[in-house]
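Reading through the structure tokens given below for one structure.
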There are 2 protein chains.
Amino acid sequence: MVGPQGPLTPQRIVATSRALLVEGGPPAVVVREVARRLGVTAPALYRHVAGRDDLLTLLITACHDELTEACEAALQAAPPDPELRLRAATWAFRSWALAHRTEFGLLYGTPIVGYSAPAQGPTLRSGRRFGQLFGGLFVDLQRAGRLRSPGGAALGAALSADLRAAAERLGLPLRPGEVHTFVVGYHRMLGIVSVEVSGHLSWALADSEPFVRGQLEELLDDLLLPRPASAPGV
Amino acid sequence: MVGPQGPLTPQRIVATSRALLVEGGPPAVVVREVARRLGVTAPALYRHVAGRDDLLTLLITACHDELTEACEAALQAAPPDPELRLRAATWAFRSWALAHRTEFGLLYGTPIVGYSAPAQGPTLRSGRRFGQLFGGLFVDLQRAGRLRSPGGAALGAALSADLRAAAERLGLPLRPGEVHTFVVGYHRMLGIVSVEVSGHLSWALADSEPFVRGQLEELLDDLLLPRPASAPGV
DNA sequence: GCCCCCTTGTGAACGGTGTTCACGCAGTCT
DNA sequence: AGACTGCGTGAACACCGTTCACAAGGGGGC
């Protein structure tokens, strides 16, 4: 027999798992319950999915892709100015995170121990895809002369070498100081949003919105050079 | 019969749970296994602990206390200068986090859904205790005239009111702009350390140490006013 | 001394989980 | 027609959290 809504496509499996995730967090995404909601018994799921870990991998990949696509959609709607594009992507990232707290926790929270992400697997792939989206924005900023960058000497030899290797690995045509600005942007944005989403700020602030808005604006100020007077701005 | 190392004290229970946590993450702290390692059957544990949630609460509280005590120890070894004290506490925080990644994830990572922290419970208490430790450092900085602070007007009315309420609630004799600096310090430090500990930086950097060191130094620079020339420095 | 009670342990049990396995049923290809 | 394959089933195993009735032991009151 087949489930009430048709065959067991990966899409239906992921959608059902995600509904459970949102309802009760990672512990609630339970093989037997996913099967139940699909109108099927648990062993049937094992024809399509290797096990619970695989289910979570599928879920992580799908959510990461959705987050990346949300940022890409914001970029397509944004004007060509690189500062505005970075701003748009940053806000899209935070908006998605706030609108999907549980999923965001799965992506960027404490890694689920006991769950082993397959090495070289789709988890890392989608993470890298997302990193490259932001990396491209910083390349655009550098080309427009808007990217602040510390002198290479200020970073120290070890960090400079590490950053140079990262640029190589990611295929970013940036100097170490510029890669540093990119990593700072990614790192601080992720920190700001993570702490907000996880609620570890609520003891201090009833409404995190204006605070986080200010923090992200300050971050952008730290990353960007002011618009040059020679080129008339927006 | 009694366990191989004596009676079932809370200390032994917590220590055993923590060993399991470190070995395999939160899913590995399993009532039956804790009991086994204590040389006892599972129902015996229920004489001392209400259940698995209670076990986790005990664990969170113990770890939070240990983290706070690590910071307090660093403060006791630090000179009286408030900048150096903040620096010492910050580094103690990060050091503890790096040395106890799993425990840190339990404290400041994605909240464990399905686990409901008891309202008004010890989890919140120890969190507040930690917040007040750092709060005191910022009060000292303000008294020494070393605390950078934005004008109240730059924050906006809603945020200012929220910050004023937070100062009241936490008993900190600080103006909204100064509370803002405190929250920024806490928030950014937590973000920097969280992202480092969770490993979400490893795609970019092989060695996060020099990068994070620089980020924390920059954060301190953003929080502090330069040492006034009138008062001779260290 | 005796009895009672309270603490703390035990084994058995219930319902839940992830996962595997032998089986069966429907199609599809030869 | 017959065989093979894809996909689902029920039963089973081991494990989990939790509860229950029960027993062994020590301490206090008569």
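- Salt bridge absent: A/E217 and A/R213 never bring a charged side-chain N and a carboxylate O closer than 4.0 Å.
- Considering only side-chain atoms of A/Y46, the nucleotide from D/dT9, C/dG18, D/dC22 that sits closest is C/dG18.
- Residue B/V30 places its side chain closer to D/dG17 than to any other of D/dG8, D/dG17, D/dC22.
- In this entry the distance linking CG of A/L20 with C1' of C/dG18 reads 15 Å, nearest Å.
- Listed pair B/H48 / C/dG9 meets the phosphate criterion, a side-chain N or O lying under 4.0 Å from OP1 or OP2.
- Listed nucleotides: C/dG9, D/dT19, C/dT19. Nearest to the side chain of B/P43: D/dT19.
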Worked verdict on A/W96 versus A/E103 for side-chain hydrogen bond (donor to acceptor under 3.5 Å, both in side chains)
CA-CA 9 Å; A/W96 192 92; A/E103 294 96 322; over 6 Å; no
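- Distance A/L8 CG to D/dG8 C1': 10 Å, rounded to the nearest Å.
- Atom-to-atom, CZ of A/R47 to P of C/dC25 comes out at 15 Å; the value is rounded to the nearest Å.
- On a pure distance criterion of 3.5 Å, a polar donor-acceptor pair joins the side chain of A/R32 and the base of C/dG18.
- Here D/dC7 presents its P atom at 13 Å from CG of A/L45, a figure rounded to the nearest Å.
- Summarising the geometry, the separation between CD on A/E33 and P on C/dG16 is reported as 11 Å, rounded to the nearest angstrom.
- Distance CZ (A/R52) to C1' (C/dG16): 14 Å, rounded to an integer number of Å.
- Crowding of A/R87 atom CZ: a count of heavy atoms from other residues, nucleotides or ligands under 6.0 Å exceeding 12.
- A straight line from CZ of A/R36 to P of D/dG10 spans 13 Å, rounded to a whole angstrom.
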Output, in order, the C-alpha distance, side-chain angles, deciding distance and verdict of side-chain contact (heavy atoms from CB on, under 4.5 Å) for B/F138 and B/V179.
CA-CA 8 Å; B/F138 280 80; B/V179 181; over 6 Å; no
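- Put simply, B/T41 has no side-chain N or O that comes within less than 4.0 Å of OP1 or OP2 on C/dG9.
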